[in-house]
There are 2 protein chains.
Amino acid sequence: MTIPPTEIPARPVPRVAKELLKSSGFLLARVGIGFKTQALAKLEEWGFDPYDYSVLAILAEGAREAQATLADTLGLDPSRVVAVLDSLERRELVERQRDPHDRRRHVVSITASGKRQLSRLRTTMKELEDEFFAPLDAETRERLHELLLVLACHHDPRCAFKSQDPA
Amino acid sequence: MTIPPTEIPARPVPRVAKELLKSSGFLLARVGIGFKTQALAKLEEWGFDPYDYSVLAILAEGAREAQATLADTLGLDPSRVVAVLDSLERRELVERQRDPHDRRRHVVSITASGKRQLSRLRTTMKELEDEFFAPLDAETRERLHELLLVLACHHDPRCAFKSQDPA
DNA sequence: TATTGTTATACTCTATAACTATA
DNA sequence: TATAGTTATAGAGTATAACAATA
């Protein structure tokens, strides 16, 4: 039962470098990717692709969008948007119609069925968040949210809350 | 110069769905990936691959590791660790030696040159962080760091600070 | 027979660029 | 000629599994 004095223990506890744990950026990336991984796994269980939820959420708010606008919003190449919409349209969660004012354009909108699915996804994501942020109490979570929003807005103007009325 | 009243404005401001901005998990993922993207771009400017910094940081602390341990720590398949180490060894930043106690093993360690490079990378990453977190004052940054560490530890035991002394 | 590190294969993802139809 | 959407091609990245050496 004596452990032989090898140079390297057979199963040392693998640990992240302390240097990296001191880096807020590293932690931010690691935790953020951790959440995203869990979220995508959850969505996949329900038969959804990575961008489905975002697209449905955008359409539920903005009503009707051209595909190029969706591409801008999602930060995605227009050619990739096609595949996402094909998949959503096949399941009748969104609709494409020609814009009568410019027949090159497709106007995309969410269907009633799409809204119902979105509502379910919302619930699922809410549950996942409650689980993920469980170690933080409500007040702390709120504080964290504020900080993240500040950073998000600072690095991407698309995140800015702002009423769209030009009035 | 009159704007024709098309159904969809030619260039609407693309904005992220409000629903998503209300989600802490979504913000966390987005900001985290944003930082990682910037960090990788920075490292690439210096001729470094994504895992180079982590590997050097681990070796600088833990001295000598078997490749399988590195794989565990990095959450990487052993076959991928090979390529990372090949690249680092070619540049003489790390060394591989056979473990005399078990000749199947390679004992990996950082070289003097590797330590110098690590020091430069450290500085670069520090600069990037200062830039990235600029909208937050020092105290707030510290608070954010604490929260992230709590979450990181909760979801991955490898993040736990713990003295390795079995004493 | 099991384990360490390595190499080879196959698959997925995605960026790019050609293509059509409209303007 | 330029733009919106689509399709096709090629390249990078990665997971998987076979492999050689050692235990």
Side-chain angles (χ1 to χ4, degrees), chain A residues 3-12 14 33 36-37 40-41 43-44 48-52 54-55 59 64-90 94-109, chain B residues 3-12 14 33 36-37 40-41 43-44 47-52 54-55 58-59 64-90 94-109:
Chain A
I3 296 157
T6 48
E7 290 213 23
I8 296 180
R11 275 289 140 195
I33 289 165
K36 183 169 186 178
T37 303
L40 293 185
L43 290 176
E44 202 179 5
F48 285 88
D49 294 322
Y51 286 93
D52 289 352
S54 299
V55 170
L59 293 179
R64 324 178 78 216
E65 302 269 4
Q67 290 187 199
T69 311
L70 278 175
D72 282 350
T73 308
L74 297 167
L76 229 50
D77 191 275
S79 67
R80 293 189 58 193
V81 174
V82 174
V84 175
L85 292 180
D86 283 350
S87 159
L88 286 168
E89 199 175 33
R90 245 190 321 261
V94 308
E95 274 177 356
R96 279 192 266 219
Q97 294 172 286
R98 290 255 170 224
D99 182 344
H101 298 84
D102 182 343
R103 292 185 41 73
R104 290 172 304 182
R105 286 185 174 176
H106 280 168
V107 180
V108 186
S109 53
Chain B
I3 295 158
T6 49
E7 289 211 26
I8 296 181
R11 274 290 139 195
I33 290 165
K36 182 169 187 177
T37 303
L40 293 185
L43 291 176
E44 201 179 7
F48 285 88
D49 294 322
Y51 287 93
D52 289 352
S54 299
V55 170
I58 292 168
L59 293 179
R64 325 178 78 216
E65 302 269 5
Q67 290 187 201
T69 311
L70 277 174
D72 281 351
T73 307
L74 297 167
L76 228 51
D77 191 273
S79 66
R80 292 190 58 195
V81 173
V82 173
V84 175
L85 292 180
D86 282 350
S87 159
L88 286 167
E89 199 174 34
R90 245 190 321 259
V94 308
E95 274 178 354
R96 278 191 268 219
Q97 295 172 288
R98 290 257 170 222
D99 181 344
H101 298 82
D102 181 343
R103 292 184 41 73
R104 290 172 305 182
R105 286 184 174 176
H106 279 168
V107 180
V108 186
S109 53

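Hydrogens, waters and symmetry mates play no part in the numbers below; they use all other heavy atoms, side chains included. To find a chain, count down the sequence lines: A is the first, B the second, and so on, and within it residues start at 1.
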(message) So, OP1 or OP2 of D:dA4: does either fall under 4.0 Å of a side-chain N or O from A:R96?
(response) no
With 3.5 Å as the limit, what N/O pairs link the protein to nucleotides 19-23 of chain D?
unit_1 : atom_1 : unit_2 : atom_2 : d
D:dA23 : OP1    : B:R103 : N      : 2.8

Between [N] ([atom2]) and [X] ([atom1]): distance, integer Å:
{"X": "B:L85", "N": "C:dT4", "atom1": "CG", "atom2": "C1'", "result": "13 Å"}
{"X": "B:L88", "N": "C:dG5", "atom1": "CG", "atom2": "P", "result": "16 Å"}
{"X": "A:L40", "N": "C:dC13", "atom1": "CG", "atom2": "P", "result": "11 Å"}
{"X": "A:Q67", "N": "C:dA21", "atom1": "CD", "atom2": "P", "result": "16 Å"}
{"X": "A:Q97", "N": "D:dA4", "atom1": "CD", "atom2": "C1'", "result": "17 Å"}
{"X": "A:L70", "N": "D:dT6", "atom1": "CG", "atom2": "P", "result": "11 Å"}

What I'd like to find out is whether the side chain of [X] reaches to under 4.5 Å of the side chain of [Y], using heavy atoms alone.
{"X": "A:R98", "Y": "A:H106", "answer": "yes"}
{"X": "A:D52", "Y": "A:V84", "answer": "yes"}
{"X": "B:L85", "Y": "B:L70", "answer": "yes"}

(message) When you measure from the side chain of A:S87 to the backbone of A:A83, do you find a donor-acceptor pair of N or O atoms at a distance under 3.5 Å?
(response) no
(request) Considering non-hydrogen atoms only, spot the tightest contact between A:E95 and A:E89 and give its length. (result) C-OE2, 4.0 Å
(request) Compare every heavy atom of B:D77 with every heavy atom of B:A71, then report the nearest pair and how far apart it is. (result) CB-C, 4.4 Å
(request) Please list, chain by chain and in numerical order, all residues satisfying side-chain contact (heavy atoms from CB on, under 4.5 Å) with B:L76, sequence neighbours excluded. (result) B:Y51, B:L74, B:R80, B:V81
(message) side-chain contact (heavy atoms from CB on, under 4.5 Å) for B:R96 and B:D86? Distances and angles first, verdict last.
(response) CA-CA 9 Å; B:R96 278 191 268 219; B:D86 282 350; 2.3 Å; yes
(request) Select one nucleotide: of C:dT6, D:dT7, C:dT4, the one nearest the side-chain heavy atoms of B:R105. (result) C:dT4
(message) Among D:dT7, C:dT6, D:dG5, which nucleotide has an atom closest to any side-chain atom of A:H106?
(response) D:dG5
(request) Could you tell me the separation between the CD atom of B:Q67 and the CG atom of B:D99, rounded to the nearest 0.5 Å? (result) 12.0 Å
Tabulate atom names and distances for all N/O pairs under 3.5 angstrom spanning the protein and nucleotides 15-20 of chain C.
unit_1 : atom_1 : unit_2 : atom_2 : d
C:dT16 : O4     : A:S79  : OG     : 3.4

